[in-house]
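Read through the structure below, which is laid out as structure tokens, and then see the notes.
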Amino acid sequence: MDRQAGEDRSAAEGDIRVLRAAREGVLERLGAACTRAGRDPRDVRLVAVSKTVPAERLRLATTAGFDLFGENRVQEAAAKASLLPGPRWHLVGHLQHNKARTALELFDLIETVDSVELARRLDRLLAEGAVGRAVPYPVLLQVNVDADPAKAGFDPDELAAALPELAALPNLRLEGLMTVGRLVTGAEEARPTFVALRRLSERLRASGEAGRSLGGALSMGMSDDFEVACEEGATLVRVGRALFGERASAAR
Ligand SMILES: *Cc1c(COP(=O)(O)O)cnc(C)c1O
């Protein structure tokens with residue numbers, strides 16, 4: 001092996017160690033948070049949010065044990081997934097309607113269904129059988145619990161009103177709710193958002209026929225506050241920086 005190849009290989013091995021340690025650290029904190037709340041850590045899935053992380057590094061991450069990535073752009077995810085068969089992918093960013101078909105092909109779970117129109121479109125594409133997915137296909141409904149004008153998602157009351165129509169779409173399975181908390185300076189500040197999402201889920205699921213078709217999944221919590229989210233009942237946490245390091249400042 002020449003010297004350059006040897007250096008590349010040991011850099012890759014070093015990064016695999018870094019990624020493995022980061023993942024183990026996050027899983028340990030997640031486990032401790034679950035224990036504090038009397039929950040089973042196996043009830044929380046870690047979604048490694050890999051936006052802006054290049055495919056070559058994600059390949060190392062899969063060697064380090066990562067098996068589920070979250071991406072917020074369909075195009076970026078499609079490029080990476082084509083280079084990297086194996087892991088599962090979740091969509092965690094807003095889905096433009098013209099990318100719905102690609103998203104269904106690519107993602108095992110779309111976490112960001114944020115309008116009835118989008119849900120109808122996904123249902124229709126699945127009904128046409130054009131995407132080769134088993135139905136019902138699982139989705140989460142994104143809720144803007146903080147009424148943050150900068151955030152996508154159903155308003156909670158609007159979601160309560162829309163739930164019968166959403167529940168009647170035969171090709172979608174409503175696995176639960178997802179929210180993106182507003183920007184906060186400390187993890188504790190995020191707690192009211194997580195409590196609000198959990199309570200909304202409980203309220204909707206107790207509300208008649210349509211409520212019964214809503215599952216109990218709760219996707220909430222990111223690098224700075226995933227432990228608080230676990231304490232408040234998250235079943236999926238979406239963690240980027242605590243696993244991969246800081247993103248370049250220009251990146252989202
Ligand atoms: C970027 C992103 C995350 C991860 O954020 P980190 O602060 O890097 O953990 C989670 N959810 C969504 C929707 C995101 O866009």
Side-chain angles (χ1 to χ4, degrees), residues 18-19 21-30 33 44-55 57-58 61 64 66-78 80 87-96 99 103 106-115 118 138-154 175-191 193-194 196-197 217-252:
V18 166
L19 289 162
R23 180 166 181 273
E24 280 165 7
V26 165
L27 287 174
E28 206 166 291
R29 288 164 61 193
L30 190 157
V44 186
R45 268 189 292 171
L46 174 62
V47 182
V49 178
S50 50
K51 60 190 180 194
T52 78
V53 182
R57 188 155 191 241
L58 296 189
F66 291 59
D67 54 4
L68 173 58
F69 295 117
E71 288 280 342
N72 66 346
R73 297 193 181 175
V74 175
Q75 226 82 327
E76 182 178 338
K80 290 175 185 175
R88 297 160 62 83
W89 303 84
H90 285 190
L91 181 64
V92 301
H94 176 68
L95 177 55
Q96 287 171 288
K99 302 208 171 91
L106 201 57
F107 295 103
D108 299 288
L109 177 66
I110 295 177
E111 297 199 12
T112 48
V113 171
D114 54 9
S115 72
L118 177 59
V139 297
L140 302 183
L141 303 171
Q142 184 175 355
V143 188
N144 189 356
V145 277
D146 297 324
D148 179 344
K151 293 277 154 50
F154 287 95
E175 282 215 334
L177 306 181
M178 176 269 202
T179 198
V180 182
R182 66 195 191 294
L183 211 56
V184 291
T185 48
E188 272 308 317
E189 276 180 63
R191 192 181 296 275
T193 303
F194 302 150
L197 191 71
L218 293 175
S219 174
M220 56 191 195
M222 319 204 292
S223 288
D224 294 330
D225 50 28
F226 69 88
E227 290 153 295
V228 174
C230 287
E231 289 170 10
E232 296 302 340
T235 64
L236 298 125
V237 292
R238 308 178 309 267
V239 178
R241 289 167 301 125
L243 293 168
F244 296 108
E246 293 296 321
R247 289 180 289 274
S249 58
R252 358 13 121 188

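Values below: every heavy atom of this structure, side chains too, minus hydrogens, waters and symmetry copies. Atoms within a ligand are numbered from 1 in the order they appear, just like the ligands themselves.
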Assess, by modelled atom type and distance only, whether the side chains of [X] and [Y] contain a donor and an acceptor separated by less than 3.5 Å.
{"X": "R45", "Y": "T235", "value": "no"}
{"X": "T179", "Y": "Q142", "value": "no"}
{"X": "D108", "Y": "H90", "value": "no"}

Original post:
Counting from 1, what ligand 1 atoms have a heavy atom of K51 closer than 4.0 Å?
Top reply: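 Matching atoms, with element in brackets: 1 (C), 2 (C), 3 (C), 14 (C), 15 (O).
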**OP:** Could you tell me which atoms of ligand 1, counted from 1 in the order shown, lie closer than 4.0 angstrom to a heavy atom of V239?
**Re:** 9 (O)
Original post:
Among the heavy atoms of E111, does any lie under 4.0 Å from an atom of ligand 1?
Top reply: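 False for this residue.
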Original post:
So how far is it from L236 CG to L177 CG, rounded to the nearest 0.5 Å?
Top reply: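 The CG atom of L177 is 11.5 Å from CG of L236, to the nearest 0.5 Å.
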Original post:
Is any N or O atom of G240, backbone or side chain, closer than 3.5 Å to an N or O atom of ligand 1?
Top reply: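 Such a contact does occur with ligand 1.
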Original post:
Is the number of heavy atoms from other residues, nucleotides or ligands under 6.0 Å of R241 CZ greater than 12?
Top reply: yes
Subject >> From the candidates E71, M220, R238, K151, the one that places a heavy atom nearest atom 11 (N) of ligand 1 >> reply: R238
